[in-house]
Amino acid sequence: MKKIKKLFNQRDINVRVKEIAKEMYKEYGKKEVVFICTLKGAVFFACDLLKNYKGNARMEFVRASSYSGTESTGKIELNLSISEENIANKEVVIIEDIVDTGRTLKFLKNYINEMKPNSLKICTLLDKKARRVVDIDTDYVGFEIEDLFVVGYGLDYNQQYRNLPYIGVIE
Ligand code: IMP
Ligand code: MG
């Protein structure tokens, strides 16, 4: 395993996750929210976020991938278990690990929107704003980061490093 330089440690992440969960509860209150976790990267974040969310929540999963190594291929593959009956007229939040070019989210957002949710918001752990290629708004952001390839806390490099409890950069 290569050396990893820490960007955000477990404490930083925990504090921010709790803040976001609180913010969300303030917004949704008693309304039920369907959280869509994007596999595999957002799994750790989604679990921690939902454990700290005090409202009524459902959890769905979707698999969207556009990356090979450290490069975005620009071609998005979707593999999802969600259906219109779980989404129509509901408050929906997509939980992402990281927004980079924005292509994956834009694609996914359009797809979900066709299922006619009552509202649709985006929550991402990390945002690499400088890398954006398509226009997409994020509603909840854990941390904004520079143009760095990061791993850990669910994020991978060729399927490795997801299990690191912190977020870092491969040196
Ligand atoms: P986008 O479509 O270019 O926005 O790509 C977003 C997806 O690429 C994310 O959901 C991640 O799976 C992956 N990705 C982008 N940047 C990184 C990174 O720094 N580390 C690990 N995965 C990344
Ligand atoms: Mg992802």
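As the structure is a prediction and not an experimental result, all values here were calculated from the model. Counting convention: from 1, in listed order, for ligands and their atoms alike.
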Peer 1: Can you list the atoms of ligand 1 that are under 4.0 Å from a heavy atom of Thr101?
Peer 2: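 Per the distance check, 1 (P), 2 (O), 3 (O), 4 (O).
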Peer 1: Looking at ligand 1, is there an atom of it that comes within less than 4.0 Å of some heavy atom belonging to Lys128?
Peer 2: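 It does; at least one heavy atom falls under 4.0 Å.
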Peer 1: Looking at residues at least two apart in the chain, or sitting in another chain, which of them share a side-chain hydrogen bond (donor to acceptor under 3.5 Å, both in side chains) with Lys51?
Peer 2: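 By the side-chain hydrogen bond (donor to acceptor under 3.5 Å, both in side chains) rule, Lys51 matches Asp48.
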Peer 1: Among Ile36, Asp139, Leu49, Val141, find the residue that satisfies the side-chain contact (heavy atoms from CB on, under 4.5 Å) test when tested with Cys123.
Peer 2: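 Checked Ile36, Asp139, Leu49, Val141 against Cys123; only one passes side-chain contact (heavy atoms from CB on, under 4.5 Å): Leu49.
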Peer 1: Does some non-hydrogen atom of Ile145 fall short of 4.0 Å from ligand 1?
Peer 2: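 Heavy atoms of Ile145 never come under 4.0 Å of ligand 1.
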Peer 1: Output all residues satisfying side chain to side chain contact (heavy atoms under 4.5 Å, CB included) with Arg162, sequence neighbours left out; order by chain, then residue number.
Peer 2: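 Expected list: Lys40, Asp156, Gln159.
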Peer 1: For the residue pair Glu96 / Tyr140, report whether a side-chain donor-acceptor contact shorter than 3.5 Å exists.
Peer 2: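 Per modelled atom types, Tyr140 and Glu96 side chains form no pair under 3.5 Å.
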Peer 1: Would you confirm whether Asn56, through its side chain, and Lys30, through its main-chain N or O, come within 3.5 Å as a donor-acceptor pair?
Peer 2: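 Checking the backbone N and O of Lys30 against the side chain of Asn56, a donor-acceptor pair under 3.5 Å is found.
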Peer 1: Would you confirm whether Arg16, through its side chain, and Gly142, through its main-chain N or O, come within 3.5 Å as a donor-acceptor pair?
Peer 2: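 Confirmed, Arg16 side chain pairs with Gly142 backbone.
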Peer 1: Answer side chain, backbone, both or neither: which part of Asp156 comes under 4.0 Å from ligand 1, heavy atoms only.
Peer 2: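 It is the backbone that touches ligand 1; the side chain stays farther off.
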Peer 1: Taking a cutoff of less than 4.0 Å between a non-hydrogen atom of the residue and any ligand atom, is Gly41 in contact with ligand 1?
Peer 2: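 Contact check Gly41 vs ligand 1: negative.
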Peer 1: Can you list the atoms of ligand 1 that are under 4.0 Å from a heavy atom of Leu148?
Peer 2: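 The list of qualifying atoms is 19 (O).
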Peer 1: Which bit of Glu96 gets closer than 4.0 Å to ligand 1, counting heavy atoms only: side chain, backbone, both or neither?
Peer 2: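 For Glu96, the contact with ligand 1 is made by the side chain alone.
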Peer 1: Report, in ascending order of atom number, the atoms of ligand 1 lying under 4.0 Å from any heavy atom of Thr104.
Peer 2: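 Every atom of ligand 1 under 4.0 Å from some heavy atom of Thr104: 1 (P), 2 (O), 5 (O), 6 (C).
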Peer 1: Is Leu105 close to ligand 1, meaning an N/O of one under 3.5 Å from an N/O of the other?
Peer 2: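 No.
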Peer 1: Compute the ring centroids of Phe8 and Tyr166, then answer whether they are less than 6.0 Å apart.
Peer 2: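 That pair fails the under 6.0 Å test.
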Peer 1: Measure the CD1-CZ distance between Ile87 and Arg58 for me, rounded to the nearest 0.5 Å.
Peer 2: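 Rounded to the nearest 0.5 Å, the CD1-CZ separation comes out at 9.5 Å.
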Peer 1: Applying a heavy-atom cut-off of 4.0 Å, say which part of Leu155 lies close to ligand 1: side chain, backbone, both or neither.
Peer 2: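 The side chain, only.
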Peer 1: Which of the listed options, Leu39, Ile136, Ile98, Leu126, holds the heavy atom that is closest to atom 23 (C) of ligand 1?
Peer 2: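 Selected option, by shortest heavy-atom distance: Ile98.
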Peer 1: Any atoms of ligand 1 less than 4.0 Å from a non-hydrogen atom of Gly102? List them with their elements.
Peer 2: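 Counting from 1, the qualifying ligand atoms are 1 (P), 3 (O), 4 (O).
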Peer 1: Within a distance under 4.0 Å of any heavy atom of Arg103, pick out the atoms of ligand 1 and give their elements.
Peer 2: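 So the answer, numbered in order with elements, is 2 (O), 4 (O).
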Peer 1: Whether the side chain of Asp127 engages the backbone of Glu144 through a donor-acceptor N/O pair (distance < 3.5 Å, no angle test) should be reported.
Peer 2: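 Checking the backbone N and O of Glu144 against the side chain of Asp127, no donor-acceptor pair under 3.5 Å is found.
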